[in-house]
Asks: 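Okay, handing you the structure first.
Note on naming: letters A, B, ... go to the chains in the order of the sequence lines (proteins, then strands), and numbering restarts at 1 for each one. Values below: every heavy atom of this structure, side chains too, minus hydrogens, waters and symmetry copies.
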Amino acid sequence: MNVTLPDGTVLELAEGATGGDAALAIGEGLARAALAIEVNGDLRDLARPLPDDARISIITGKSPEALELVRHDTAHVLAAAVMELYPGVKISIGPPIENGFYYDFEFPEGAEISDADFPRIEAKMKEHIKAKEQFSRQDVTTGEAMDKFAHEGQDYKVELIEDLIKNEGADTVSLYTNGPFTDLCRGPHATDTSKIKAFKLTSIAGAYWRGDSNRTMLTRIYGTAFLSKEDLANHLEMIEEAKKRDHRRLGKQLDLFHFNELSPGSPFWHPNGMKIWGALQELWSTENARRGFNRVKTPILLDVDLWKISGHWDKYRDNMYFTDIEDRPMGIKPMNCPAHIQIYKNERRSYRDLPIRYSEDGLVHRHEPSGTLHGLMRVRHITQDDAHIFCTEDQIQQEVIDCLRFGFFIYEVFGFEPSLELSTRPEQRVGTDEMWDRAEGILESALKKENLDYEVNEGDGAFYGPKIDLHMKDSLGRSWQLGTVQLDFSMPERFDLTYTGPDNEDQRPVMIHRALFGSFERFIGILIEHFGGDFPLWLAPTQVQLIPVSDKHNGEAQKLADRLADDGLRAIVDTRTESVGKKIREAELAKAPYMWVVGDEEVETGTVAPRKRHQTEDGARVSIEDAISALLDEVASRAR
RNA sequence: GCCGGGAUAGCUCAGCUGGUAGAGCAACUGCCUUGUAAGCAGUAGGUCAGGGGUUCGAAUCCCCUUCCCGGCUCCA
């Protein structure tokens, strides 16, 4: 039989040859390095016989697939170790994931486990790795597999097989055995456990079986594995570095905000944080105005009846805050739209008025479940950069495209490259299928027209319409939704919104909900992590830190600071009686973009010697005028 | 909300198996008048998250509550 290698050479092999045989035929070194084989585009075990005329490619540690393979192997080794250490444990699933793997278990009653148990689990895993256990595959009928797992009390495996039969019509499944452990698994795996060169268990967490909060909570053990000890060490080092960019840590270090038990999930913004906020708000308000969004401001407290009409009462009242004012029940707004609708409804509208675009940096409150709060990323006190567009159906597509372009304009300012998600109709929704077909079609065609890459999130839309979301990752790789553009045919219906058409008949407008930052809180959180606290000049709380050489230069430095303030720049003077070295050090730690030392020389010559953040002094002197105009240029261009 | 972990001075952290709380930085005072990442010395600072229990004795062991961290679910 023949197989074709990636470079086109044809290799002749004995009938029934395996992937391992092919690797050996190419070279002994390759055979030793081989983990698996790609056969006609599918990843397979080396031990399986090759089909005739296949295109093959040997997978080694250098292949991109290698890590996933080895991590999957390590998940099996973890399960093997846990089963030995905790008899009666039930196993469920254990896939490789980005940066590692996990395995979900149901521990027997009374077997409390925590990360304190990792050392002994890891020790047991090492025994399996050292034993160089082969991963051997066995294809069996679904009946045999179910008998086996049912006999062993592995209910989750039985359920998985039942689902394979139901959903995929499976009549056989594959089992993989390494040492004493056999798991239901699609494969493939590397040849044996010795390919796992470095691994570590990283954390433990609860995870619902099948992701369903009504079902059992299993214990998930996370870990990671690499093909060398160095790679593992580098990975752990990278995580440590990423933690230094954590916005909660930097928020404290740079004195931007704090959280307080007196109002969980609600940041207390400090002066430094508000300077960033203010710069963002200015960008937001000028760019909105430029694009025809007119600022409005609406109340936070609104009659409960409004929330009944909007549907929030039915769907979200458990997550809303309420109060009574003179016996009148009021709800604190969780969204701005019903309030903006009141402005729309305040007079008769004509088709000539549309589109009408309102924007508001609206403060909404949502009682997010306690376990979901996360620094600035998930708060209960949310300042949305909200906007609502009221338009005709014909205008929707152009408005959506304009929103997307506006979004990309804003993200470009920060150098953000968001990923896009199109979320389609959820199970629970309002409106007809025709309406949803149309709405999803409009969004999809807008994305296509703009040539944008996006992922489809089936069933993740809002109850009133589909949406396009802009996502960004934080320093540890967690994805957060920032911007969103949502189509809404429902609110106009519920609130009986109309406009007079050219035919003098009442027509129903369509609403587009739009946020670009998403919320100021979350956006600033991402911003902090993205820049690691090294904010571009236009955003930096302190733009120039003035450092008098000694007390006698404090007056001159203050004069300079006043002058910078006159030009709209944020400067502060460090008047403490401390050494220059110390003041520089602390300005560096505060991540001030520029430090100007003011001493005799500067005062005499009317110059400054700007030191740039994280750089050592270059000694160049510039006139004060030139230095200021350079700063102003840098701010005006919003240089990153 | 659920599972696991945590909470010690303003900050970062030490405090082994129970014997009554400690460091560095910050703060304050004094000296130094400082030239590009920490000048020197001294002083002060704690209901060990809150509450209950076990014990002669609890930061330490047990229970409850609050908040935080890592996940899961949720996220209009």
Side-chain angles (χ1 to χ4, degrees), chain A residues 102 104 107 112-117 202-222 243 246 248-249 252-253 255 258-265 307 310-312 314-320 333-338 364 366-375 377-378 380 382 384 426 428 460-465 467 469 476 478 480-481 484 486 488 490-491 513 518 545 547-554 576-589 595-602 609-612 614-619:
Chain A
Y102 67 78
D104 284 349
F107 283 88
E112 300 280 305
I113 95 145
S114 76
D115 56 9
D117 300 301
T202 50
S203 66
I204 196 159
Y208 298 107
W209 169 234
R210 299 249 135 149
D212 183 345
S213 59
N214 296 314
R215 304 198 62 177
T216 323
M217 176 156 279
L218 305 172
T219 302
R220 173 171 300 178
I221 297 178
Y222 283 94
K243 282 182 183 163
D246 188 310
R248 292 163 298 192
R249 178 173 171 155
K252 201 182 271 186
Q253 193 182 321
D255 195 19
H258 85 270
F259 285 91
N260 194 309
E261 274 200 41
L262 296 171
S263 185
W307 305 113
S310 71
H312 290 92
D314 285 338
K315 229 176 143 52
Y316 295 108
R317 72 168 165 265
D318 289 345
N319 297 308
M320 283 178 67
K333 66 177 174 185
M335 283 183 85
N336 300 297
C337 37
V364 301
R366 297 176 183 178
H367 188 167
E368 304 286 3
S370 56
T372 64
L373 300 178
H374 186 100
M377 304 300 192
R378 186 92 180 255
R380 287 178 173 159
I382 309 158
Q384 295 183 315
Q428 275 199 321
D460 240 15
F463 70 95
Y464 48 68
K467 56 178 188 160
D469 294 328
L476 282 171
R478 294 172 287 223
W480 298 93
Q481 180 196 311
T484 183
Q486 313 182 343
D488 181 359
S490 164
M491 292 293 155
H513 306 241
Q545 178 90 17
I547 298 175
V549 170
S550 75
D551 291 351
K552 66 179 185 223
H553 305 104
N554 283 354
R576 295 173 310 161
T577 308
E578 295 286 358
S579 67
V580 171
K582 180 154 185 169
K583 293 182 203 175
I584 292 279
R585 175 182 159 78
E586 290 187 7
E588 281 284 355
L589 292 175
M595 285 147 266
W596 290 3
V597 174
V598 180
D600 290 338
E601 286 173 50
E602 286 77 9
R611 174 192 166 114
K612 221 174 160 175
H614 309 330
Q615 292 175 18
T616 47
E617 184 206 17
D618 60 6

Asks: OP1 or OP2 of B/rA76 versus the side-chain N and O atoms of A/K467: is any pair under 4.0 Å?
Replies: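 Checking B/rA76 against A/K467, a side-chain N or O does come within under 4.0 Å of OP1 or OP2.
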Asks: Would you classify A/E602 as touching base, sugar-phosphate or nothing, given that sugar-phosphate means primed atoms plus P, OP1 and OP2, and contacts are heavy atoms under 4.0 Å?
Replies: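 Contact class for A/E602: base.
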Asks: On a plain distance test, is the side chain of A/R378 in donor-acceptor contact with the base of B/rC74 below 3.5 Å?
Replies: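 A donor-acceptor contact between them is present.
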Asks: Going by number, which of residues 213-220 of chain A have a non-hydrogen atom under 4.0 Å from RNA chain B?
Replies: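 Heavy-atom cutoff 4.0 Å gives A/S213, A/M217, A/R220.
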Asks: Under 4.0 Å: is that the gap between some side-chain N or O of A/H553 and OP1 or OP2 of B/rU33?
Replies: no
Asks: Can you tell me which stems RNA chain B forms, taking runs of 3 or more consecutive Watson-Crick or G-U pairs with both distances under 3.5 Å?
Replies: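 Stems for RNA chain B, defined as runs of 3 or more consecutive pairs: B:1-7 with B:66-72, B:10-13 with B:22-25, B:27-31 with B:39-43, B:49-53 with B:61-65.
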Asks: Distance-only, no hydrogens or angles: does the A/K467 side chain make a donor-acceptor pair with backbone N or O of A/H513 under 3.5 Å?
Replies: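 No.
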Asks: For B/rC74, does OP1 or OP2 lie under 4.0 Å from any side-chain N or O of A/T372?
Replies: no
Asks: Check whether any side-chain nitrogen or oxygen of A/K582 sits under 4.0 Å from OP1 or OP2 of B/rA26, and answer yes or no.
Replies: yes
Asks: Within the structure shown, what part of the strands sits under 4.0 Å from A/E601 by heavy-atom distance: base, sugar-phosphate, or nothing?
Replies: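 Base contact.
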Asks: Using a 4.0 Å heavy-atom cut-off across all strands, classify A/D551 as base, sugar-phosphate, or nothing.
Replies: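 Base contact.
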Asks: Taking NZ, NE, NH1 and NH2 as the nitrogens, is one of them in A/R585 or A/E578 under 4.0 Å from a carboxylate oxygen of the other?
Replies: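 A/E578 and A/R585: not salt-bridged.
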Asks: May I have the distance from A/K315 (atom NZ) to B/rC75 (atom C1'), rounded to whole angstrom?
Replies: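 Result: 12 Å.
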Asks: Give a yes/no answer on whether the side chain of A/K252 brings an N or O atom under 4.0 Å of OP1 or OP2 in B/rU12.
Replies: yes
Asks: Under 4.0 Å, counting only non-hydrogen atoms across every strand here, what does A/Y222 touch: a base, just sugar-phosphate, or nothing?
Replies: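 Sugar-phosphate, backbone atoms only, no base.
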Asks: Measure the distance from CE on A/M320 to P on B/rC74 and round it to the nearest whole Å.
Replies: 22 Å
